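So the structure is just underneath, and the comments pick up after that.
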Number of protein chains: 2
Amino acid sequence: MSTAQGARARARIEVTAAIKDEARRQLAAEGAVKLSLRAVARELGMVSSALYRYFPSRDDLLTALIIDAYDSLGERAEQAHEAGVEVGSLERWVAVCEAVRCWALDHPHEYALIYGSPVPGYIAPQATVPPAARVGLLLIGIVRDAHQGPGGLEELTAVPEDLRTEADRIAADLAPDLPSEVVAALVTAWAQLFGLVGFELFGQFNRVVEDRAPFFRHAVRRLGRGVGLR
Amino acid sequence: MSTAQGARARARIEVTAAIKDEARRQLAAEGAVKLSLRAVARELGMVSSALYRYFPSRDDLLTALIIDAYDSLGERAEQAHEAGVEVGSLERWVAVCEAVRCWALDHPHEYALIYGSPVPGYIAPQATVPPAARVGLLLIGIVRDAHQGPGGLEELTAVPEDLRTEADRIAADLAPDLPSEVVAALVTAWAQLFGLVGFELFGQFNRVVEDRAPFFRHAVRRLGRGVGLR
DNA sequence: GTCTATAACGAGATAGAC
DNA sequence: GTCTATCTCGTTATAGAC
């Protein structure tokens, strides 16, 4: 009985993976907007209604792809982080940023799915929030380590008056142990990192920046310095 | 005869504008991917073949919308620039960045069209390049003014060895009168600016940054400092 | 209980004959 | 320009195989 259940569970996992793989292929070909359950089913030799055993709706399939993408990116970034435990925090920061960039270049359509234009009519459920936070948490962790470690962080100038309250709130939310001007700089750097990646991926750097790897490395090193790393 | 031609020309301009307006409405409702000449025609009470007299293809209509969006954004940014001729260059930098953000918040779907995920199958023609460059040129201009004006720019550290050649090339291309480390910082800041705007617009700041105007102002002020403004 | 297949709905796009 | 026949889509109800 446990074998029968095991086989069924295994089959379910395999079919689920096959559906997502085919869906990712369609994502690359036509974009998230045109992702269709029927086309996925057709390509898999299934009937469309059968897919509803695996994904209650088209939007749930999209959600699964989004979560997978965030997790795939997060895993890659975390690997780069772990590989750099021995180097300085600024080098680790650069390594994580470079991992983000490389993942994006390897998975342009999934990158567009999670960091590009929102899909009209689709509303991301709460379940996407934790996977989406992984890269951000990693960057916070690097800065926290540097803050607590020997040498500490470079002192940053305080945030202006009109940002004080909001910066304190953000810091209390994300990293209560860090100075609020550092957390504000961190959130800024986090957004700017994806600005750099997006500009390269979406063609804004075409005929402007050609040799992109050193350009990116220099830019994210400056970002790291901007949050106080050294 | 010239009156008849004038009337015809006027009518053509009006119909062209009506087509683009309706297309922009569909852009907001369904996204660029699902923009269809047929649906636009239906909504305008025209027959689809009639539209081809105004736009030879769906892609040409898309191109027109993209150029309009870049021009609309560029105009807004240039207005902010001109309104700030009397203030310092850092304040003018901030004003232009805030104009970009405000335009994006006012035109989220057009922003997604030009700075979001590329539309699958659509390839932007060369005609989109000059309008797309307007904001970047404006930012270069601000830094150039500061460089040539009294006080000059803050000294930046040189770019690393592996970026030297590329930074020189970019500087020769975009602003031969500026030091190449400044131009590299400028291009970086340009991308990072749109990272900030995109994160706000595409929902990445939801439940993270709530009071966004002062946050953005502080972030772009730091960006301006990063290119040497003071 | 778990899955797949058939059929159908209403809405929308599309192609071609007229 | 118009009309129609034929496609697509998401989704559901239902029936039957394992």
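All figures in this text were calculated on a predicted structure; none of them were measured in a lab. Throughout, protein chains are lettered first and strands after them, A, B, ... in sequence-line order, and every chain is numbered starting at 1.
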message: Expressed as a whole number of angstroms, how long is the span from E43(A):CD to dT8(D):P?
response: 13 Å
message: I'd like to know if R207(A) pairs up with D173(B) as an ion pair, taking the criterion as any Lys NZ or Arg NE/NH1/NH2 lying under 4.0 Å from an Asp or Glu carboxylate oxygen.
response: no
- request: List the steps and the verdict of side-chain hydrogen bond (donor to acceptor under 3.5 Å, both in side chains) for S57(B) and D60(B).
  value: CA-CA 5 Å; S57(B) 75; D60(B) 287 286; 2.7 Å; yes
query: Can you check the D60(A) CG to dT11(D) C1' distance for me, whole Å?
result: 13 Å
query: Contact class for L35(A) (heavy atom, under 4.0 Å): base, sugar-phosphate, or nothing?
result: sugar-phosphate
- prompt: Hey, is CD on E75(B) packed in by over 12 heavy atoms from elsewhere, all under 6.0 Å?
  reply: no
For atom CZ of R58(A) and atom P of dG10(D), their distance in whole Å: 7 Å
task: Could you walk me through whether D68(A) and R24(A) pass the salt bridge (charged side-chain N to carboxylate O under 4.0 Å, His left out) test, one step at a time?
output: CA-CA 10 Å; D68(A) 278 7; R24(A) 269 185 280 266; 3.5 Å; yes
message: Base contacts versus sugar-phosphate-only contacts with protein, heavy atoms under 4.0 Å: please encode nucleotides 2-18 of chain C as B, S and - from 5' to 3'.
response: SBBBB-B----SBB---
query: How about F194(A) and F199(B): are their ring centres within less than 6.0 Å of each other?
result: yes
query: Can you tell me if R58(B) uses its side chain to pair, donor with acceptor, with the backbone of L35(B) under 3.5 Å?
result: yes
message: When you measure from the side-chain N and O atoms of Y52(A) to the phosphate of dT12(D), is any distance below 4.0 Å, counting only OP1 and OP2?
response: no
